[in-house]
Amino acid sequence: MYISGVGQISACGAGVGALEAALRQGPPTPELVAIEHVEPVVKVPVLRAPAPDLGHAVSSRVVRRMDGFSLGFVAAALQAVADAGGCETDSERVGVVAATGYGSLKTSFALLDEIIEEGDDAVSPIRFSAAVNNAPSTSVSAVLGARGPCLTVIGFDRPFRNALSVAESWFRAERVDAVMVVAGDEYHSVLGYALWRRCGLAANGVVRPFALDMCSYVPGEMFVALLLTRSAQSPGYGWVWARTQPVPASEVRRPGDALLLHADGSRAAAALQPLADGHPDALAVTPIAGGSPTAAAMTVASAAVLLRQRFTPSWATAKGGVPGGLAVWTADAATIVNPGWHPGGFDVVRVSRDRVGAATGAAQD
Amino acid sequence: MTDRDRAAVVATGCICALGATVRAVLRELYAGTIQTLDRSAVRSTLDKAPAVFSVTAPLPQLPLPKTLTRTSHLALTAVSEAAGQVGDRLRELPATRIGVCFGTTVGGTLNDEAFYRAFHAGREPEPTAVSVYLANDVATVVADFVGARGPVLTVADACASGGDALGLALAWLRQGECDLVVAGGADELARFAYLGFASMSNSSTRRCRPFDLEREGLNLGEGAGVIVLEREESARRRGAAPLGLLSGCGWGADAYHPTAPHPGGRGLRSAISGALRDADLTVEDIAFVNAHGTGTRENDRIEGQVLADLFPESTPVVSTKGFTGHTLGAAGAIEAVLAVHNLFDGKVPCCAGFVTPDPECRVVPPTAVTEVNGGAALSDSLAFGGTNTALVLERWA
């Protein structure tokens, strides 16, 4: 699968240019956001995404029933198409896979607010349909006119990796010629409340990805889109593979690959310690957008940008560095590693400039 | 396997309003037993409270170290039944060669109303509900239960989730990702969904009547359906006696509207033709169709027209939702379980609730148990947002 276009909306702004700028200059500063319904006021650090702006790209008739969550997916998908210079593929051969952890939290809880405040008969049918987990994928499908397979993958450990593997299986079965993989999660006070009560937040609001023995998690909002195509398109980013099986530490990194650890400051990220110890040149870019079940998509998108633009942000290394400090990127591929969902294995995604031999034992193409 | 090979159905499990095992469900299905509609399973203050089909049997106690949601509990009840039929196979295969793919809708949402009411009121409740939600990704729960360490994925495509999970499982086997997949769907009744469907005026206060002229809407249900799939050549080599085969899956998106199906049913047509092509079969090979048939005005009209256009008039089209209710993320899986058993038994049940044909639907479902002789069946699912999935199942031969 070839990454032909990238789109994103996150705390570092909207568009692949904003992502590249954040990678060059360093991560944004989290907002301190008050948790609703908690007195006295408690504020938690959040890396919030700006409201999606579709401009005039889509008619108001099409978007009027979408909530902000679906709009985030749609906006990122449209950016990815624009970044690729268009998607001239038979609409029945274009698939959509969306990944999310929590789904549309804001709409779901707004619906519960309606029930609590106004009664059982006050539920808005538009709000209900927007709260269904597959609303983002079908919204993307409708806006792009993509009439191939359309699926939504959910989960808390690996939804983005799974979304990539679904896309890969469609390519291999020759069901599609292009797939829009979109991933996203949003912040809600319930999430901040649960993290606060469970002491699951960064104490000083700073994500410290390599301080794996401490919790430095900052929840982030992000919507990421990768337009994947069967063949390479210029300029594009590179080939991407997702391993469906957990990979042991000894097999994670191929010689010469850059290594990006998806270390998001959560306690689960402690599982990455052996890789951080064994690979002092590893990078972690999680501070640019924060943590969420689908934040691995941002790390993969970042890897794609770094691979194309060929720079290494010094702030993203274990040693740290001055924001804006850059080194030359020399690798022809990047391996992105997530903590595995069970001991002894890691979730691995690989982005490579070359197609042949790029996967690490997994199914290719 | 190759990209056109079939997967053997080596075990099934099911729980729904009709019963807590496949055998119990089939007995009631063929007897035409319609469960009493439940008006108390979901409490509400609605003036016209829609009726539902609930699972009234107590769910089995399971020796698990964590709190299960009802969706997970329903899933594991059906998985237990299926696992009992393939326990040896589950034990002898390496854990990394066993996959789990499950669909859900309600089970994938954080909608614990008691917790949220307390939070909303500023009472600062323990966030246990959030912890329970995070610990109940249904595919992960099932994988832990059966000891699977291969690919594990939860799909949430509203009413097509269960069918989608089976389609993805078939792809995993064909592409060598694993040797055995526990696949299915599960969903519980929840006020959140109940009030949501009521707000859309497409759920009925009376019994649902799929494809009937007088249909008024759907009845929500709950349950789980599970199919254990194995690579066909592996099942043949070890002399297994599978119930049937999953031989094709097709997907098609309407790309049209958040809730209404495309007027021409274009996504469904694409899904059905794709599934038949994937199975290397034609419409003449299909002995019957287990339709989505929710009992809503629009779904049944569009689906009926598509099925009437594509299939010979003699092909029975049956909806089993008049027996089970609409079990959302479980529906596609439960209906695939029923379809494979119906093929094996050579008969389909009546279409409960159907009495008077609707000329706009253009299909006339059976009103009594009907013999079927062909070797293949099609089961289709339509979901919010225009997601359509079709599965082709075959008799083992």
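A, B, ... follow the sequence lines: proteins, then strands. Residue 1 opens every chain.
- B/Ser161 does not touch chain A: none of its heavy atoms, backbone or side chain, sits under 4.5 Å away.
- Residues B/Met200 and A/Pro125 come closest through the heavy atom pair CG-CB, 3.7 Å.
- Residues B/Gly150 and A/Gln245 come closest through the heavy atom pair CA-OE1, 3.6 Å.
- A distance of 9.0 Å separates CZ in A/Phe109 from OG1 in B/Thr109, rounded to the nearest 0.5 Å.
- The part of A/Leu111 that comes within reach of chain B is its side chain, from C-beta onward, which places non-hydrogen atoms under 4.5 angstrom from that chain.
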In residues 163-170 of chain B, what donor-acceptor pairs under 3.5 Å come from side-chain atoms, sequence neighbours left out?
{"residue": "B/Asp164", "atom": "OD1", "partner": "B/Trp251", "partner atom": "NE1", "Å": "2.8"}
{"residue": "B/Asp164", "atom": "OD1", "partner": "B/Thr389", "partner atom": "OG1", "Å": "2.4"}

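- Top candidate by heavy-atom pairs under 4.5 Å with chain B, chosen from A/Asp121, A/Leu112, A/Val38, is A/Leu112.
- Residue contact with chain B, scored on non-hydrogen atoms closer than 4.5 Å, involves the side chain of A/Ile35 exclusively.
- Judged purely by atom type and a 3.5 angstrom limit, A/Arg175 has no side-chain atom pairing as donor or acceptor with the backbone of B/Gly274.
- For a residue to count as touching a neighbouring chain, one of its non-hydrogen atoms must lie under 4.5 Å from one of that chain's; by this rule B/Ser44 touches chain A with backbone and side chain alike.
- Heavy-atom minimum distance, A/Arg172 versus B/Gln175: NH2-O, 3.2 Å.
- Within residues 261-269 of chain B, the residues that have a heavy atom under 4.5 Å from a heavy atom of chain A are B/Arg266, listed by number.
- For a residue to count as touching a neighbouring chain, one of its non-hydrogen atoms must lie under 4.5 Å from one of that chain's; by this rule B/Arg191 touches chain A with the side chain only.
- The parts of B/Val155 that come within reach of chain A are both its backbone and its side chain, each placing non-hydrogen atoms under 4.5 angstrom from that chain.
- Between A/Ser169 and B/Ala171, the shortest heavy-atom distance links the atoms OG-CB, 4.3 Å.
- Summarising the local packing, CG of B/Asp280 is surrounded by 12 or fewer heavy atoms from other residues, nucleotides or ligands at distances under 6.0 Å.
- Of the possible donor and acceptor atoms, none in the side chain of A/His37 sits under 3.5 Å from a partner among the backbone N and O of B/Ala121.
- Here the shortest heavy-atom pairing between B/Ser199 and A/Phe128 reads OG-CB, 4.5 Å.
- A/Asn162 places a side-chain N or O within 3.5 Å of a backbone atom of B/Val152 that can act as its donor or acceptor partner.
- Of the atoms belonging to A/Ser139, not a single heavy atom falls under 4.5 Å from chain B.
- With rounding to the nearest 0.5 Å, the separation of CD1 in A/Ile116 from OH in B/Tyr116 is 6.0 Å.
- If you measure heavy-atom distances from B/Cys159 to chain A, you find no contacts under 4.5 Å at all.
- Note: A/Phe156 and B/Tyr133 have perpendicular aromatic rings, judged against thresholds of 30 and 60 degrees for the angle between ring planes.
- Contacts of residues 189-197 of chain A with chain B at a heavy-atom distance below 4.5 Å involve A/Ser189, A/Val190, A/Tyr193, A/Ala194, A/Trp196, A/Arg197, listed in sequence order.
- Closest heavy-atom contact between B/Leu153 and A/Val166: CD1-CG2, 3.7 Å.
- A/Asp120 places no side-chain N or O within donor-acceptor distance of the main-chain N or O of B/Leu195, the cut-off being under 3.5 Å.
- B/Leu134 CG to A/Arg198 CZ: the interatomic distance, rounded to the nearest 0.5 Å, is 9.5 Å.
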Per-pair distances, 0.1 Å, donor-acceptor, side chain in residues 143-155 of chain A, under 3.5 Å, sequence neighbours excluded:
{"residue": "A/Arg147", "atom": "NH2", "partner": "A/Glu92", "partner atom": "OE2", "Å": "3.1"}
{"residue": "A/Thr152", "atom": "OG1", "partner": "A/Ser137", "partner atom": "OG", "Å": "2.8"}
{"residue": "A/Thr152", "atom": "OG1", "partner": "B/Asp157", "partner atom": "OD1", "Å": "3.4"}

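- Contacts of B/Tyr256 with chain A are made by backbone atoms alone, with heavy-atom separations under 4.5 Å and no side-chain atom involved.
- Of the possible donor and acceptor atoms, none in the side chain of A/Asn134 sits under 3.5 Å from a partner among the backbone N and O of B/Gly385.
- Atom CG of B/Leu110 and atom CG of A/Leu105 lie 6.5 Å apart (nearest 0.5 Å).
- Contact of B/Ala198 with chain A is not made at all, since no heavy-atom distance falls under 4.5 Å.
- In this structure, A/Ile115 and B/Glu113 have side chains that are in contact, with non-hydrogen atoms separated by less than 4.5 Å.
- Of the N and O atoms on the side chains of A/Glu36 and B/His120, not one donor lies less than 3.5 Å from an acceptor on the other residue.
- Counting heavy-atom pairs closer than 4.5 Å to chain A, the top residue among B/Gly103, B/Cys178, B/Gly99, B/Ala193 is B/Ala193.
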